[in-house]
Amino acid sequence: MLLKDKLAQFNQSGHAILAANFYNFETLTGILNAVGDTSQDIILQVSEGTIQYLGLEMTVDMVRAALKQHEICGWLHLDHGSSIELVQQCLDVGFDSVMIDASEKPLEENIKITRQVVRLAESYQANVEAELGYIAKLGQHQGGNIYTQPEEAKNFAEATGINALAIAVGTAHGFYKDPPHLQLDLIASIHAITPAALVLHGASGVPAEQLKKAINNGISKINVATDSKNAFMQSLKVTLNKTDEIDLRLVFPKATKAVSDLIAQKLTIISSA
Ligand code: 13P
């Protein structure tokens, strides 16, 4: 099934799917080990940084091979694509889904660029996600209460023809400085009039109850990155402090398991919403 059809289905039925960022073989394996224990599907996403780290072809081939080996249904998605050129490259090598993030540009420009990407993605039958509003990126100022407005979201989705829309409703990327308070009524208002599946970025560190309510109010895709990175590195640090082992194949599995445990928790939250 195409991801855009899956998200449209979930948008109607009130379900959500986890979109987990991965960075290397270990984090990818950790995610898929957790998914394999469930009947849930998964979106595997990479940022531009990960594409630079792994290489574009390696990213695609690794994901295809891993999904086959784990016998899991999943889709590969470009997270926060910053240019049409990168989107084109990703579509050419076989990504199922792309995000164009022109949210920091003036609204008219965001609409224009996003519309171009939607047109480009048509012949690939790829899913297209865009962003509207201010969701603090790593290192940016958190808070500020600049939320996506329902009418704006509706107009943006209609003007661009996107399949999925990332909205600013109280989350931020990275670790939270203050506990997040999601604008649940706002999510419901946006969902009621916007013809696109709604995406929650910055879901790491959001309490389970808020995540469930966000899904119940209309979120269809939940993005998690920081929590996985953190689980992997914290576990690795503990192991390395206790051993001089140089066989990395004996050292990494514990950190991979930490990612699995973390992703399993997120999948449970999502399936119980
Ligand atoms: P976190 O790193 O806060 O989980 O956000 C992930 C995300 O939204 C990726 O686009």
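All residue numbers refer to positions in the sequence shown, counting from 1. Remember, it's 1-based here, ligands and their atoms both numbered in the order they're listed.
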**Student:** For V224, take its heavy atoms, then give the atoms of ligand 1 lying under 4.0 Å from any of them.
**Tutor:** 4 (O)

**Student:** Among all protein heavy atoms, pick the one closest to atom 3 (O) of ligand 1 and tell me residue, atom and distance.
**Tutor:** G174 N, 3.0 Å

**Student:** Is a salt bridge present between E209 and K212, judged by a nitrogen-to-oxygen distance below 4.0 Å?
**Tutor:** yes

**Student:** Which atoms form the tightest heavy-atom contact between L211 and A203, and what is the distance?
**Tutor:** CD2-CB, 4.1 Å

**Student:** Return the closest protein heavy atom for atom 2 (O) of ligand 1 as residue, atom name and distance.
**Tutor:** T226 OG1, 2.5 Å

**Student:** H80 heavy atoms, cut-off 4.0 Å: which ligand 1 atoms fall inside?
**Tutor:** 10 (O)

**Student:** If you measure from the Lys or Arg side-chain nitrogens to the Asp or Glu carboxylate oxygens, is any gap between D101 and K137 under 4.0 Å?
**Tutor:** yes

**Student:** Would you say ligand 1 has an N or O under 3.5 Å from any N or O of S204?
**Tutor:** yes

**Student:** Closer than 4.0 Å to some heavy atom of A172 - which atoms of ligand 1 meet that?
**Tutor:** 3 (O)

**Student:** Polar contacts were defined as any N/O atom of the residue lying under 3.5 Å from an N/O atom of the ligand; does this apply to L200 and ligand 1?
**Tutor:** no

**Student:** Determine, using heavy atoms of A19 and all atoms of ligand 1, whether some pair is separated by less than 4.0 Å.
**Tutor:** no

**Student:** Within a reach of under 6.0 Å around CD1 of I246, are more than 12 heavy atoms found that belong to other residues, nucleotides or ligands?
**Tutor:** no

**Student:** Could you tell me which non-hydrogen atom of L56 sits nearest to which non-hydrogen atom of C90, and how far apart they are?
**Tutor:** CD1-SG, 3.9 Å

**Student:** Using a 4.0 Å cutoff against the non-hydrogen atoms of H201, which atoms of ligand 1 qualify?
**Tutor:** 8 (O), 10 (O)

**Student:** Search all heavy atoms of E131 against all heavy atoms of S103 and return the closest pair with its distance.
**Tutor:** OE2-OG, 3.3 Å

**Student:** Between S47 and ligand 1, find which residue part has any heavy-atom pair under 4.0 Å and reply side chain, backbone, both or neither.
**Tutor:** neither

**Student:** Is a donor from one side chain sitting under 3.5 angstrom from an acceptor on the other, for D92 and Q88?
**Tutor:** yes

**Student:** Should you measure from each heavy atom of G202, which atoms of ligand 1 turn up under 4.0 Å away?
**Tutor:** 1 (P), 3 (O), 5 (O), 6 (C), 7 (C), 8 (O)

**Student:** Near D79, which atoms of ligand 1 are under 4.0 Å from a heavy atom of that residue?
**Tutor:** 9 (C), 10 (O)

**Student:** For V224 versus S204, what's the shortest heavy-atom pair and its separation?
**Tutor:** CG1-OG, 3.7 Å

